[in-house]
Structures are given as C-alpha cells and as structure tokens.
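What follows is a short report on a single structure.
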Amino acid sequence: MVARPSAQSTPAEVLVLGGGVAGLTTALCLLRAGKRVRVAARAYLAGTTSAVAAAFWYPYRAYPEAMVAPWARVSYARFAELTRATPEAGVLRRETVEVFPQPASPPAWALDLPDFETLPAAALPPGYGAGYRFTTFVIETTIYLPWLMRQVEAAGGELTTRAYANLDEAVADCPDVVDCTGLGARELVPDPSVYAVRGQVVRVKNPGLSRVWIDEHSGDGITYIVPRSGDVVLGGTADEHEEDTTPDPGRTPAIVERCARLEPALRGAEVVSVVVGLRPVRPTVRLEAEARPGGRIVHNYGHGGAGVTLSWGCAEAAAQLILHT
Ligand SMILES: Cc1cc2nc3c(=O)[nH]c(=O)nc-3n(C[C@H](O)[C@H](O)[C@H](O)COP(=O)(O)OP(=O)(O)OC[C@H]3O[C@@H](n4cnc5c(N)ncnc54)[C@H](O)[C@@H]3O)c2cc1C
C-alpha cells in the first residue's frame, strides 16, 4: 500500500507531510477538491499517535476553545454521515455519559449537539455531583486509518514513506506543502511550543458494553471507557512532557480499577494489550499558511488530545487555505 517516493509522470500539486489522521484526512479533502496529492510520512498506522488514540469524538486538551468547537462540529457531522452510509470505515455511534464530582456547566462544544442533556441526580453513579448524556462517535483506528489510506489511493493520491529533515527540503520537492506532522513539527518546523503529553491505555475484551464513560475531574487521573466492536479501550494517563512510549505495567491496574468503578463488568476483564502514545499538545492548534522562499506551507498540527475529533474540521480548513489563498 505504501510506496517509496518515485518519479511520478505527473508531479503532485500538493505534498502532505504526515500519515496520521490529520495528514490522511487533509490529503483526502484536497484530492476530493481535484488536487494531485502526495503524502510523505516517516510512518503510517501503528507508527503514529493516531493509531493509539481511544479514539472517540470529544474535545480534550486542544485550544483555543472558540475554534475547537466549530472544527469539532464539522467532524461530528462527517462521522455521523460515515455511520449512516459507510459502515466499512469503522465509525460507531455511541451513547456517552460524562460525570463530574461537583456541579459543572456544560462546555461550549456541547451546546449544539443534537441530544445533549443534563442527567438528573438519581441517574448519576454514587459519589458524583453532575453528569451529561450525549451521542458521540467511536472511531476504530485499526479499521479507520487503513480505510482512510485506501480512500486516498482510490482518489489518485500517492502514499510514500519518507522523513523530511526540515520544511525547506519539502518546499524544494513541491511548492505547496501541508504540514500535518503532529509532535514531529517540534523538530521539523521547528516549533518548540509543541510538547508531548503521554497517554497510556489498556485494551480489554469487551464484556458486552456499548456506552462511553468519561470522568475527567475526579482527581485521580482522567478516566474513560470506550467500547469498540471487539474490545474496550480504558484510559488513561496524561503525563506532561513525558516521552517514554514503553507501557508502564505498574499503572495498568489503577486504570482498570478506576474504569471498573463506573462499569463493574470491567473488573477482571481480560487485558488484550497496553499501549502508549504521545499527544501533540500546543498552546493553540496551528492552522495557518506561511510563505517560504519558493513556496508556502499550510500548517495543521498541535491537536493535543483531540486530533481525531478535530480531523475533518481542520482538514477542510487546511484544504481551503491551499485552494483559496
Ligand atoms: C492515549 C491517547 C488517547 C487519545 N484519545 C483520543 C480520543 O479519544 N479522541 C481524539 O480525538 N484524540 C485522541 N488522542 C489524540 C490523537 O491521537 C492525536 O491528537 C492525533 O492522533 C494527532 O494526529 P496527527 O495526525 O496530527 O499526528 P500523528 O498521528 O502522530 O501523525 C503524525 C505523522 O507525521 C509523520 N511525521 C512526523 N515528523 C515527520 C517528518 N519529519 N517527516 C515526515 N513525516 C513526519 C509521522 O510519521 C506520522 O505519520 C489520543 C492520544 C493518545 C496518546
């Protein structure tokens, strides 16, 4: 599926750097708009953060909120379409309950979700002071990322494996570049404001669950339960500036226990795998065009803990910058 760079008969009009969810979605938007596109990435699939993501629609650790909400809304609509018309993409519609230890105001992104509702106190698990219910989408990355790659190729895009040392090298290859390199942007751009927030998740066999749970605020670590078709992703951790991608077996029991307090059926569930990824966090998502000698770069990176959630909104905005500036 993925080729080394080759001499193309017709050179690409846009070079997309990055083969994670940001790069592949951006490439697809550009191809659908009629551009000839080459994707170049150091790694695809299991070599990306995108493959580790839980990956449910939920704006988490991505800024500024005023931009994140509209980008997330676009993705919400695209994922809804995929569940309706494209089951092979691996996107599941899921009821979600988010709980809080204290009373809480709804976030800005929640206000125009079609079925967002505040839970009555009687519907909350013991010890919680507030909660919401809404529909989210779970993106099964083991299915969705290969599906995106197939879509890119079917639309005429080329997927190549190559690590670029800097952006001038990329512009020398193609004057229009979209930079979707996630944490890699720190060295490539270079952009020292991008940093890693390490996340460890535990995948267990699904004992028959379908509801997503989120508890971000109970004080003993972010907790989420994300049922997929064959397993459940249990999270998690959020370790600022930590970059060791080796799973820490010492943290797995605490993750499972926190989740089992919300869904007792998880107690004793068989662990399938434990994986770690590095969220590409930045004070704000970088989505803008930058002129460089001989060409221009559209940046689309720094999506933090919400790169899947923002993928379609940011990809469409990045494609617009290429098409109309
Ligand atoms: C544990 C965990 C759980 C998460 N859960 C969720 C969730 O539930 N929902 C959600 O929305 N988000 C979630 N996220 C966040 C999400 O995974 C990221 O925001 C998203 O994957 C970032 O996508 P990306 O394409 O920008 O980066 P990546 O997936 O890391 O892709 C970057 C690409 O750039 C390439 N690259 C880098 N440098 C270079 C270079 N110099 N030359 C060429 N190629 C280069 C890489 O090889 C790779 O192909 C989670 C993250 C973690 C770690």
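Just so you know, these numbers use all the heavy atoms, side chains as well, and skip hydrogens, waters and symmetry mates. In each ligand, atom 1 is the first atom listed, and ligand 1 is the first ligand listed.
No side-chain donor-acceptor contact under 3.5 Å links T48 to the backbone of Y44.
For Y164, there are no ring-ring contact (aromatic ring centres under 6.0 Å, His included) partners at least two apart in sequence or on another chain.
Contacts of ligand 1 (protein heavy-atom distance under 4.0 Å) are G18, G19, G20, V21, A22, A41, R42, A43, T48, T49, S50, A53, A54, A55, F56, R162, A163, Y164, C180, T181, G182, G184, L188, G199, V201, Y224, G277, L278, R279, P280, H303, G304, G305, A306, G307, V308, T309.
E263 and W213 share a side-chain donor-acceptor pair at under 3.5 Å. No hydrogens or angles considered: nothing links the side chains of Y144 and E88 as a donor-acceptor pair under 3.5 Å. No hydrogens or angles considered: nothing links the side chains of E95 and T135 as a donor-acceptor pair under 3.5 Å.
Classified by interplanar angle (parallel below 30°, tilted 30° to 60°, perpendicular above 60°), the ring pair W57/Y76 is perpendicular.
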